[in-house]
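Worksheet: the structure to be examined is printed underneath.
Just so it is clear, the structure is predicted and the values come from calculations on it, not from any experiment. We count ligands from 1, going down the list as the structure has it; atoms in each ligand are counted the same way.
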Amino acid sequence: MTKGQKIEFKCVKDKCEGIITFLVNSMKKDPVLRCSKCGNEYKFDKELVSKLEMFENLVKAVSDAEPILGDTNVAINLAGHNIKVPFRLLLTRLSTVLSLQMAGKTVDFLFRVEPLKEEDLRKWGG
Ligand SMILES: [Zn+2]
């Protein structure tokens, strides 16, 4: 059992740039975070916590399905040729940044996940 992904975001207070790290699970119990650098307080509403949870589940589902992803292709028609792109390759482009509105500002939540490595891609003859 995993405790969940660590998520971090930059404090939105002008010029603070402090990094705030949290787990979605802990936000369900106590939805208030404080920037350790400037003391700015962030209260997460239910909707925000729920969106973060959904995204966390998505990231987890993708990483759990990794062993089969190399066998999956997406066919693309390009200039009359049918090209198969390994689904795995597309996943390296999967953003692990979720942008959400918080207190009228757009905050980028960065999910700390292991990115698929280039070496792994080469194994699939990409
Ligand atoms: Zn701050």
[X] to [Y] - nearest heavy-atom pair and separation:
X      : Y      : value
Thr106 : Gln101 : OG1-NE2, 2.7 Å
Met27  : Leu33  : CE-CG, 3.7 Å
Lys43  : Val32  : CG-CG2, 3.9 Å
Leu52  : Phe44  : CD1-CE2, 3.7 Å
Tyr42  : Val12  : OH-N, 2.7 Å

I'd like to verify the contacts: list protein N, O or S atoms under a distance of 2.8 Å from the Zn ion (ligand 1).
Cys11 SG, Cys16 SG, Cys35 SG, Cys38 SG
Side chains of residues 14-23: which donor-acceptor partners sit under 3.5 Å, not counting sequence neighbours?
none

